[in-house]
**Q** 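I'd like to ask some things about the structure below.
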Amino acid sequence: MTSRLIVLAAGGTGGHLFPAQALAEALVRRGYAIHLMTDERVRDYGRAFPALETHLVPAATISPGKPHLLPGQLMRLYKGYQTARGVLERLKPAAVAGFGGYPSFPPVIAASRLKIPSLIHDQNAVMGRANRVLSRFADAVASSFPTLGRLPAASKDKLRYTGNPVRGIVLEKQGAPFHAAAADEPFNLLVFGGSQGARFFAEFMPQVVKLLPKAVLRHLKIVQQCRPEDIERVKAAYGTLDIAFELASFFADMPQRFADAQLIVCRSGASTIAELGVIGRPAVMVPLPHALDNDQLHNAEFFAGKGGGWVRPQAELEPQEFAAFLTRLRYQDAELAGAARAALALGMPDAAERLADLVEDLAARATMETIQK
Ligand SMILES: CC(=O)N[C@H]1[C@@H](OP(=O)(O)OP(=O)(O)OC[C@H]2O[C@@H](n3ccc(=O)[nH]c3=O)[C@H](O)[C@@H]2O)O[C@H](CO)[C@@H](O)[C@@H]1O
């Protein structure tokens, strides 16, 4: 009889934890108990995670440019391996699923050593460093996009396209009807970075908004996520303009904010892209620059390439030009509605179920092999 316990392992930011949470929700519905292995940031982003227990695993991000830090980082990862191995030996889960980030490293390696079936899920269009290494140890590699860049050749046969799972609160807004605002109707602009916010928007957007024509400002409502240290500054800047606005460092009801928006200006982290698709909203994406694998640029190019929005690299942005761009879009109801439709066509609302199927297949296959031995 297969154990009804699954261990999920993920780095502690929203980008890794939210897809893991979505899989956990699907597996709990199928009668499994979930244990989570992650890091301290789970306190911020893991509050709604349906885990029976959360295990903090020592881990370290390997920084290739700083070789002097390597011995300490490897020591920490080894400690993480010992912790993860101890927990897995005790729990004997049916399978382990890793979602990337270095905290998923020790549990997936330990699972492979203990011959517990494992899979890794990559959220981005190009594979992250931790997952590239782990792909050699895991039994399956699940991808969020139809193709997965930088997947090691040796792991190509393990690839399964599942999509990037989104949480239940996102599915509740799946395909929410898009209302293109006429010139005299309220226009909701949502601006946000990733799970941790983006300082760039706090600096750039107030400069843009003050250049917008009065006719646009009159009907504009901006909902903007700002890092805690930026909120007062942005509030003061918007306060001098006659516009409706709402600022917060984290909107817990983000799916509702998506549904209300006519246009979204955002980074292009993987969950952001997945949610834009499931809810179906047009976005102007400003990928996080200087990322090691440039994952956000690839995510955004895929989404924009299918008509869901526009990619605007941060280095090329200039307030006057961006204000003119937003002003033009503001009145292009048909273009915005078309982009909303194209976005929706990219959504994978059943990604969590597909991934849950894969977990169950792996677990069942391992049980069959044990019985046959
Ligand atoms: C800086 C960084 O390392 N970013 C990476 C991180 O993104 P990051 O952790 O920023 O995550 P994503 O963009 O993938 O997701 C952001 C999530 O936060 C939610 N949200 C955001 C703001 C808010 O106020 N409320 C709220 O709920 C969004 O709805 C979404 O679910 O992991 C992603 C997945 O590996 C990568 O693609 C990103 O490159």
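For ligands, and for the atoms within them, numbers begin at 1 and follow the listed sequence. Every value quoted in this text rests on a predicted model; they were computed, and no experiment measured them.
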**Q** Near ligand 1, which residues have a heavy atom under 4.0 Å away from one of its atoms?
**A** T13, G14, G15, H16, F18, Q123, N124, R167, F192, G194, S195, Q225, F250, F251, M254, G269, A270, S271, T272, E275, L288, D295, Q296, N299

**Q** Considering the options R76, Q73, R129, which one meets the side-chain contact (heavy atoms from CB on, under 4.5 Å) requirement together with Y102?
**A** R129

**Q** Do the ring centers of F204 and F322 come within less than 6.0 Å of each other?
**A** yes

**Q** Tell me every residue that passes ring-ring contact (aromatic ring centres under 6.0 Å, His included) with F192, counting only those two or more places apart in sequence or in another chain.
**A** F258

**Q** Under the ring-ring contact (aromatic ring centres under 6.0 Å, His included) test, which residues partner H55, sequence neighbours left out?
**A** H35

**Q** Could you pull out all residues at least two apart from F137 that satisfy ring-ring contact (aromatic ring centres under 6.0 Å, His included)?
**A** none

**Q** Test E275 against every option in R281, R167, K173 by the side-chain contact (heavy atoms from CB on, under 4.5 Å) rule and name the one that passes.
**A** R167

